[in-house]
Peer 1: 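The structure that follows is given in the form of structure tokens.
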Amino acid sequence: MSTRNSAGLSADDHELAGEYVLGTLDAARRRAVQARLADEPALQAAVLAWEDRLLPLSDLAEPATPSAHLWRRIERSLNALAPRPAPAAAPWWRNWHSLSLWRGLAAGGFATAAVLAGMLVMREMAPPPTTRFMVVLVAPDDKAPGWVVQAGSASRIELIPLGSVEVPADKALQFWTKADGWSGPVSLGLVTPGQRLEVPAGKLPALQPNQLFELTLEPRTGSPTGKPTGPIRYIGRAVKVM
Amino acid sequence: MPSPSADFDYEATLAACAGGRHSALHALYEQEGPRLLGVVQRIVRDRALAEDIVHDACVNIWTRASTFDPARGSARGWIYSVARNLALNAVRDGQREVVVDEDTATTLDARASLEAWHDMADAFAWQASAGRIAHCLEQLEPVRRNCVLHAYVDGFSHGEIARRLDAPLGTVKAWIKRSLAALRECMT
């Protein structure tokens with residue numbers, strides 16, 4: 001609970017935090033508290049504890065329907081705030097050496113490690129085929145892990161969902177892989193959101209460390225060109241597991 | 001309007017906002033927009049200003065989402081604190097400051113004054129409030145309960161509460177002080 005970090009704070013400061021959240025401090029005292037919050041974690045914890053204590057009282061205010069243009073106004077502000085780079089025109093697999101792609105994947109490393117740790121625990125509990133390679137596929141924008149690829153035996157690899165994914169009705173997720181030295185990605189088939197997919201390993205050469213796996217958004221029947229055409233939804237590379 | 005149910009993952013939504021997904025903020029706006037506007041409008045008592053503040057709150061939530069720490073409080077509490085702070089800053093900054101002699105405030109015998117207020121009616125239907133707060137509010141005398149609710153829900157200052165209840169300012173200050181202490185003890 002949030003009170004734990006406010007231990008040791010004086011009763012006066014707890015009360016000050018309460019009056020701050022309640023809203024009864026005058027402008028000068030409000031500003032004084034706001035100035036202290038930046039470098040006093042204990043006071044901050046006391047304020048957050050009061051926010052949570054009093055939050056249910058928010059329901060006493062009658063909800064009001066925002067005017068239709070309010071969201072558009074907010075969205076315009078978000079766009080003005082941080083113009084996002086336009087999607088690259090080249091297919092992703094041509095940006096193979098793109099630094100930002102790999103930086104992004106490295107940033108996902110922490111989540112990857114957490115998922116790997118979880119998977120390894122599961123392995124201990126249910127001794128199954130030895131996993132030699134593992135891939136965690138993360139969303140490129142927020143690095144949220146979405147899928148895991150396991151190559152547990154020489155005969156197949158398995159794509160395992162970590163949660164549910166929404167795909168527009170006229171679209172499908174397509175599973176791709178590309179190892180170093182290949183001319184382009186190879187399709188491993190269409191994926192049903194939320195369901196495992198088994199790929200017989202006979203369809204592809206032996207897995208390599210760093211081999212890339214991707215899920216892209218494609219037309220419902222799959223990419224018309226045999227190469228990825230839509231945006232990347234999940235991406236990851238193979239890690240050798242002892 | 002969706003209810004503030006356990007079905008909506010406020011934490012994951014903030015994480016997605018921190019990751020730059022507009023759709024996450026939009027989902028949050030769909031989920032909480034009317035309630036946020038209601039809370040803000042009650043405090044600032046002006047529709048256009050309330051929408052300005054909800055706009056600013058959403059932009060703040062977006063830019064500060066990465067600073068939210070789930071170990072230190074709830075995501076929904078954090079979201080409302082952003083909006084309420086902007087609303088309270090707006091009304092307090094425009095207000096003439098009421099100077100209270102602190103000594104007078106604390107030497108007033110607030111408990112004796114309570115007797116006169118014993119039969120005061122509740123100004124809020126607080127009984128429906130979720131969780132522990134309802135139980136703890138019940139332990140307060142109605143007049144002190146009204147002070148807390150006029151402050152939190154209406155955004156009233158000490159002076160405004162004193163005028164609304166026709167009570168001495170120092171007494172109102174003392175009531176609120178003691179109510180907060182009682183609430184913290186009850187809810188810890």
Side-chain angles (χ1 to χ4, degrees), chain A residues 1-6 11 14-31 34 41 44-67 69-71 73-75 77-82 84 139-144, chain B residues 1 15-16 18-22 25-26 29 33-35 37-39 41-43 47 50-51 54-55 58-59 62-63 72-74 76-78 80-81 84 88-89 92-93 95 97-98 124-126 128-131 133-134 148-149 151-153 155 157-158 176-177 180-181 183-184 187-188:
Chain A
M1 182 63 212
S2 45
T3 46
R4 64 162 196 244
N5 296 323
S6 61
H14 275 294
E15 185 201 301
L16 184 67
E19 295 239 16
Y20 173 74
V21 172
L22 200 59
T24 42
L25 298 182
D26 59 45
R29 293 176 74 205
R30 277 191 71 73
R31 297 297 181 190
Q34 281 166 356
Q44 206 178 73
V47 164
L48 291 170
W50 275 111
E51 297 285 5
D52 278 351
R53 276 184 205 119
L54 299 178
L55 180 64
L57 301 180
S58 294
D59 290 345
L60 292 172
E62 199 62 29
T65 307
S67 48
H69 64 265
L70 183 56
W71 170 252
R73 208 180 131 198
I74 292 166
E75 199 168 35
S77 299
L78 300 192
N79 288 330
L81 217 67
R84 299 184 75 75
D141 49 0
D142 64 1
K143 315 295 178 277
Chain B
M1 182 180 56
R21 287 225 292 260
H22 283 195
L25 190 72
H26 190 233
Y29 177 85
R35 265 187 296 270
L37 184 61
V39 162
Q41 190 171 318
R42 185 76 173 256
I43 293 173
R47 178 53 182 262
E51 292 216 350
V54 169
H55 164 272
C58 286
V59 174
W62 174 258
T63 53
R72 313 190 59 194
S74 77
R76 190 161 180 267
W78 185 84
Y80 275 79
S81 75
R84 286 189 77 252
L88 288 167
N89 287 349
R92 291 289 170 268
D93 285 350
Q95 232 160 29
E97 314 231 329
V98 184
F124 294 81
W126 55 272
S129 302
I133 186 95
V148 168
L149 294 171
Y152 186 86
V153 182
S157 65
H158 287 132
I176 288 178
K177 209 177 163 84
L180 286 175
L183 284 178
R184 184 162 79 90
M187 297 185 76
T188 300

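Excluded from the calculations below are hydrogen atoms, water molecules and symmetry mates; all remaining heavy atoms, backbone and side chain alike, are included. Because the structure is a prediction, the values reported are computed rather than measured.
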Peer 1: Apply side-chain contact (heavy atoms from CB on, under 4.5 Å) to B:Arg84 and A:Val21, showing your working.
Peer 2: CA-CA 8 Å; B:Arg84 286 189 77 252; A:Val21 172; 4.1 Å; yes
Peer 1: Which heavy-atom pair separates B:Arg184 from A:Trp50 by the least distance, and what is that distance?
Peer 2: CB-CZ2, 3.8 Å
Peer 1: For chain B, which candidate among A:Ala139, A:Ser58, A:Gly18 shows the most heavy-atom pairs at distances under 4.5 Å?
Peer 2: A:Ser58
Peer 1: Contact part of A:Glu15 toward chain B, heavy-atom cut-off under 4.5 Å: side chain, backbone, both or neither?
Peer 2: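 Both parts, backbone and side chain.
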Peer 1: Taking side chain as everything from C-beta outward and backbone as N, CA, C, O, which of these in B:Val39 sits under 4.5 Å from a heavy atom of chain A? Side chain, backbone, both or neither.
Peer 2: both
Peer 1: Just so I know, are the side chains of A:Leu55 and B:Arg76 near enough to count as touching, which here means a heavy-atom distance under 4.5 Å?
Peer 2: yes
Peer 1: Yes or no on side-chain contact (heavy atoms from CB on, under 4.5 Å) for B:Asn89 and A:Arg31, after CA distance, side-chain angles and deciding distance?
Peer 2: CA-CA 9 Å; B:Asn89 287 349; A:Arg31 297 297 181 190; 3.5 Å; yes
Peer 1: Need one label for B:Glu51: side chain, backbone, both or neither, based on atoms under 4.5 Å from any heavy atom in chain A.
Peer 2: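 Looking at B:Glu51, backbone and side chain both touch chain A.
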Peer 1: If you define the side chain from C-beta out and look only at heavy atoms, does anything of A:Asp59 sit under 4.5 Å from B:Arg35?
Peer 2: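 Result yes, sub-4.5 Å side-chain heavy-atom pair found.
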Peer 1: Got B:Arg92 and A:Arg29 here, is their nearest side-chain heavy-atom distance under 4.5 Å?
Peer 2: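 Answer no - side chains too far apart.
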Peer 1: Any chance you could measure A:Leu48, atom CG, to B:Ser81, atom OG, to the nearest 0.5 Å?
Peer 2: 7.0 Å
Peer 1: Give me the atom names and distance for the closest heavy-atom approach of A:Ala61 to B:Gly38.
Peer 2: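 Nearest pair, atom of A:Ala61 first, then B:Gly38: CB-O, 3.8 Å.
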Peer 1: Does the side chain of B:Arg42 reach to within under 4.5 Å of the side chain of A:Leu60, using non-hydrogen atoms?
Peer 2: no
Peer 1: Given that the side chain runs from C-beta out, which part of A:Gln34 has a heavy atom under 4.5 Å from chain B: side chain, backbone, both or neither?
Peer 2: side chain
Peer 1: Starting at NZ of B:Lys177, measure out to CD of A:Glu19 and round the result to the nearest 0.5 Å.
Peer 2: 7.0 Å
Peer 1: Assess whether side-chain contact (heavy atoms from CB on, under 4.5 Å) is satisfied between A:Glu75 and B:Leu25, documenting all intermediate values.
Peer 2: CA-CA 9 Å; A:Glu75 199 168 35; B:Leu25 190 72; over 6 Å; no
Peer 1: Below 4.5 Å, heavy atoms only, C-beta onward: do B:His26 and A:Ile74 meet side chain to side chain?
Peer 2: no
Peer 1: Please rank B:Leu180, B:Thr63, B:Leu149, B:Ile176 by heavy-atom pairs under 4.5 Å with chain A and give me the top one.
Peer 2: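 That would be B:Leu180.
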Peer 1: Might you point out which heavy atoms bring B:Arg47 and A:Ala64 nearest each other, and give the distance in Å?
Peer 2: NH1-CB, 4.4 Å
Peer 1: Measuring from atom CG of B:Leu183 to atom CZ of A:Arg53, what distance do you get when rounded to the nearest 0.5 angstrom?
Peer 2: 8.5 Å
Peer 1: Mind checking ring pair (Phe, Tyr, Trp, His ring centres under 6.0 Å) for B:His55 and listing every partner two or more places apart, or none if nothing turns up?
Peer 2: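 Here no residue qualifies.
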Peer 1: Identify the heavy atoms of B:Gly77 and A:Asp52 that sit nearest to each other, and give their distance.
Peer 2: CA-OD1, 3.6 Å
Peer 1: List for me each residue that meets side-chain contact (heavy atoms from CB on, under 4.5 Å) alongside B:Ala151, sequence neighbours excluded, and say none if there are none.
Peer 2: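 For B:Ala151, the residues satisfying side-chain contact (heavy atoms from CB on, under 4.5 Å) (neighbours in sequence not counted) are A:Leu22, A:Thr24, B:Ile161.
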Peer 1: Heavy atoms only, distances under 4.5 angstrom: which of B:Tyr152, B:Trp78, B:Phe124 has the most pairs with chain A? Name it, please.
Peer 2: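 Between B:Tyr152, B:Trp78, B:Phe124, the count favours B:Tyr152.
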Peer 1: Could you report the tightest heavy-atom contact between B:Val59 and A:Ser77, atom names first, then the distance?
Peer 2: CG2-CB, 3.8 Å
Peer 1: So which part of A:Arg30 gets closer than 4.5 Å to some heavy atom of chain B, the side chain, the backbone, both or neither?
Peer 2: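 The side chain, not the backbone.
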